[in-house]
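Let me begin by presenting the structure, written as structure tokens, before commenting on it.
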Amino acid sequence: MPPELTLDEFDPRKIMESGQCFRMKPLSADTVETVAFGRRVAVTDLGGRRFRFDCEPEAFEAVWRDYFDLDRDYRSIAENAPAGDAYLARAIGHARGTRILRQEPWETLCGFILSQRKHLKAIRACVEALCDAFGEPVEGTRRRAFPTPERLAALTEGEARLCGLGYRTPYLLAAARDVASGRLDLAAMDRLPDEELLSRLMGVHGVGVKVAECVMLFGFGRLSRAPVDVWIRRVIDEVYLGVSPFEGYGAYAGIYQQYLFILRRDEAAKRR
DNA sequence: AACCAGGGTGATG
DNA sequence: CATCACCATGGT
């Protein structure tokens, strides 16, 4: 019996379009599918805040409950947003239902290394190409897992480049070698304080502040981190007059950042 | 068909 | 430290 439950402030389709993950895709009007942790799940919106997770109950408890951050009270996070911040209030209204996924650090690191100077669609395409070419099979789907560090570390630059990575190819291989060699122990880094985690991640060739912050937020569950990308830079400049508001946003600054990002990006898209 | 994309690096003031 | 050209491909 696939788990069914009632969830507040949960919108899988919005999460899919949020830009924090690159492998979620629609199966139908009310169902999305993703692959992570070597498993596959399909989430169906049944209406009335009811959702079905198409997976084994053990997998739901072992992986997906945590992955989708289902035990966090996003309603109270929205209600406790900094007062007197009209733009943030609008962003919360617009992006409501988006949660911060707890993704695998390795895949998150690679995904955001590849994300630089790419649209969401293009990131998805090259991540999926990497998985198709070098990932292990996953039960219950024809899609494949994200390739292991060892697998990618063994590739030549020419092989990897076939997946459309462009000039990011050496960056990805550098990350793979760091992790495969043990020089970068992602599992152990889970316990590091924020500043040390940040500097370790930035030690990878091709990883700067922005990518490292994204990995912290989306791959290590550091919800206070607020990556500054081009969209957030515009929000800071246009709305907050050049002064970053994130220092005052507290432990969930990363969640508010995500809402601001989505609003600003979607507003720009509407203008075209 | 130009133009730009959830940036980073290395070289120069 | 601030700035800047350049990076390789794919989408629009």
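Every chain is numbered from 1 and lettered A, B, ... according to where its sequence line falls, protein lines coming before strand lines. Heavy-atom basis, side chains included; hydrogens, waters and symmetry copies ignored.
Atom CD of A:Glu139 has 12 or fewer heavy atoms from other residues, nucleotides or ligands within 6.0 Å.
Counting to the nearest Å, the C1' atom of C:dG10 and the CG atom of A:Leu130 are 15 Å from each other. Between the CG atom of A:Leu165 and the P atom of C:dA8 there is a distance of 12 Å, given to the nearest Å. Distance A:Arg117 CZ to C:dT12 C1': 15 Å, rounded to the nearest Å. One can place CG of A:Leu172 at 15 Å from P of C:dT9, the figure rounded to the nearest angstrom. In this structure, A:Ile123 places its CD1 atom 15 Å from C1' of C:dA8, rounding to the nearest Å. At whole-Å resolution of the value, CG in A:Leu114 and P in B:dG8 are 13 Å apart. Summarising the geometry, the separation between CG on A:Leu198 and P on B:dG8 is reported as 11 Å, rounded to the nearest angstrom. Atoms CE (A:Met202) and C1' (B:dG7) sit 13 Å apart, rounded to a whole Å.
Position along DNA chain C of the nearest nucleotide to A:Gln116 versus A:Leu162 favours A:Gln116 as the more 5'-ward residue. Between A:Ala125 and A:Gly166, the residue anchored nearer the 5' end of DNA chain C, judged by the nucleotide with its closest heavy atom, is A:Gly166. Comparing A:Lys118 and A:Val204 along DNA chain B, the residue whose closest nucleotide (by nearest heavy atom) sits nearer the 5' end is A:Lys118. When each of A:Gly206 and A:Cys214 is assigned the nucleotide of DNA chain B bearing its nearest heavy atom, the one mapping closer to the 5' terminus is A:Cys214.
Atom P of B:dC4 sits at a distance of 16 Å from the matching atom of C:dC6, rounded to the whole Å. Rounded to a whole angstrom, the distance from the C1' atom of B:dT9 to that of C:dG10 is 22 Å.
The base of B:dG6 is not paired with the side chain of A:Glu213 by any donor and acceptor separated by under 3.5 Å. Residue side chain A:Tyr171 does not reach the base of B:dG7 through any donor-acceptor N/O pair under 3.5 Å, judged by distance alone.
Residue-level contact check: A:Leu120 touches the backbone only, with heavy atoms under 4.0 Å from sugar-phosphate atoms and none from bases. Across all strands, A:Gly208 comes closer than 4.0 Å only to sugar-phosphate atoms, never to a base (heavy-atom distances). Nucleic acid contact class of A:Arg168 (heavy atoms, under 4.0 Å, all strands): base.
Within the 4.5 Å cutoff, the side chain of A:Arg225 has no heavy atoms near those of the A:Phe220 side chain. Residues A:Ile255 and A:Arg99 have side chains not in contact (no heavy-atom distance under 4.5 Å, counting atoms from C-beta outward). Between A:Leu165 and A:Leu130 the shortest side-chain heavy-atom distance falls below 4.5 Å.
Residues satisfying the ring pair (Phe, Tyr, Trp, His ring centres under 6.0 Å) criterion with A:Tyr256, sequence neighbours excluded, are A:Tyr249. Not counting sequence neighbours, the partners of A:Phe51 by the ring pair (Phe, Tyr, Trp, His ring centres under 6.0 Å) test are A:Phe10.
Under the stacking criterion of a centre-to-centre distance below 5.5 angstrom and an interplanar angle below 30°, A:Phe261 sits stacked against the six-membered ring of B:dG6.
C:dG11: Watson-Crick or G-U partner is B:dC3, with both key distances under 3.5 Å.
Near-neighbour residues of DNA chain C inside residues 217-246 of chain A, defined by a heavy atom below 4.0 Å, are absent.
The aromatic ring centroids of A:Tyr74 and A:Tyr259 lie 6.0 Å or more from each other.
A:Arg50 and A:Thr6 share a donor-acceptor pair across their side chains, judged by distance under 3.5 Å alone.
Contact check, A:Lys121 against C:dT12: a side-chain N or O comes under 4.0 Å of OP1 or OP2.
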